[in-house]
Amino acid sequence: MATPNERFKDVRIACGKTQEQWSDVVGITREGISSIESGRRKVTEKHLKALKQFAEKPINVDYIKTGEGSMFYDVGRNVQIQAFANSVMKMKDDAFVKKFAYALSKLDEKDWIALEKIIRKLSEGD
């Protein structure tokens, strides 16, 4: 059975993050992430609390602790959008995601219709 440290790493990989990116999420250095993943350092409640705030995916921290349940919670669309919006608000103003969200916020109804057509065109054949 996997350890909390191994599940911590599995969650990071499932989220598509490097150790450097994950260090920003957890609030420790990349070396700290490496130490956790290699078993030299324990996963703490502070780390788990930071992961609960991760907006890109709703992480089930009980999975990291015990290995029980799913890695991620299945949440509704509105909850996920709200969590994403909250995380964007915490980003630095020059972060790409925040600049992109701001650009989207300026679209009017005609722009949204045009954007939807582009997205549908790009996703044809999937």
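The structure presented is a predicted model; accordingly, all values stated were derived computationally and were not measured. Index from 1, following the sequence.
One distance of note links CZ of Phe72 with CD1 of Ile59; it measures 6.0 Å at 0.5 Å rounding. The structure places OG1 of Thr3 at 10.5 Å from NZ of Lys42, a figure rounded to the nearest 0.5 Å. Considering OG of Ser35 and CG of Asn5, their distance stands at 10.0 Å, rounded to 0.5 Å. Within the model, atoms CD of Gln19 and OG1 of Thr29 stand 10.0 Å from one another, a figure rounded to the nearest 0.5 Å. Between atom NZ of residue Lys9 and atom OG of residue Ser34 there is a gap of 8.5 Å, rounded to the nearest 0.5 Å. To the nearest 0.5 angstrom, Leu122 atom CG is 9.0 Å from Glu124 atom CD.
Sorted by first then second residue, the side-chain hydrogen bond (donor to acceptor under 3.5 Å, both in side chains) pairs that include residues 95-115, not counting sequence neighbours, are Asp93-Lys98.
Proximity of a side-chain donor or acceptor of Ser123 to a complementary backbone N or O of Ile119 within less than 3.5 Å is detected. In terms of modelled atom types and a separation under 3.5 Å, the side chain of Arg30 and the main chain of Glu20 share no donor-acceptor contact.
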Item to check | Test log, rule side-chain contact (heavy atoms from CB on, under 4.5 Å), inputs Met91 and Val97 | outcome: CA-CA 8 Å; Met91 293 176 182; Val97 174; 3.7 Å; yes

Next on the checklist: Set out, in order, the CA-CA distance, both residues' side-chain angles and the distance that settles salt bridge (Lys or Arg N to Asp or Glu O under 4.0 Å) for Glu116 and Arg120, then state yes or no.
Outcome noted: CA-CA 6 Å; Glu116 182 179 15; Arg120 288 183 190 273; 2.6 Å; yes

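Hydrophobic clustering (ILVMFWY, side-chain heavy atoms < 4.5 Å, transitive): Met89 and Phe96 are in distinct clusters. When the side chains of ILVMFWY residues are joined at heavy-atom separations under 4.5 Å, either directly or via intervening members, Phe8 and Ile13 end up in two distinct hydrophobic clusters.
Annotation for Arg40: atom CZ counts as buried by contact number, over 12 foreign heavy atoms lying within 6.0 Å.
Glu68 pairs by the salt bridge (charged side-chain N to carboxylate O under 4.0 Å, His left out) definition with nothing, not counting sequence neighbours. By the ring pair (Phe, Tyr, Trp, His ring centres under 6.0 Å) test, Tyr73 is found to be paired with no residue, residues two or more places apart in sequence or in another chain being considered. Evaluation of the salt bridge (charged side-chain N to carboxylate O under 4.0 Å, His left out) rule for Glu56 yields Lys17 as partners, not counting sequence neighbours. For Phe54, the ring pair (Phe, Tyr, Trp, His ring centres under 6.0 Å) partners are Trp22, not counting sequence neighbours.
The shortest distance between side-chain heavy atoms of Arg7 and Pro4 falls below 4.5 Å. Side-chain contact between Val11 and Tyr63 is present, with heavy atoms from C-beta onward closer than 4.5 Å.
Between Lys65 and Glu45, at least one side-chain N (NZ, or NE/NH1/NH2) sits under 4.0 Å from a carboxylate O, which counts as a salt bridge.
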Could you list the donor-acceptor pairs under 3.5 angstrom formed between side-chain atoms of residues 46-53 and any protein atom two or more places apart in sequence or on another chain?
from	atom 1	to	atom 2	distance (Å)
His47	ND1	Thr44	N	2.9
His47	ND1	Thr44	OG1	3.1

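In this model, no donor atom of one side chain and acceptor atom of the other lie less than 3.5 Å apart for Gln82 and Asn78.
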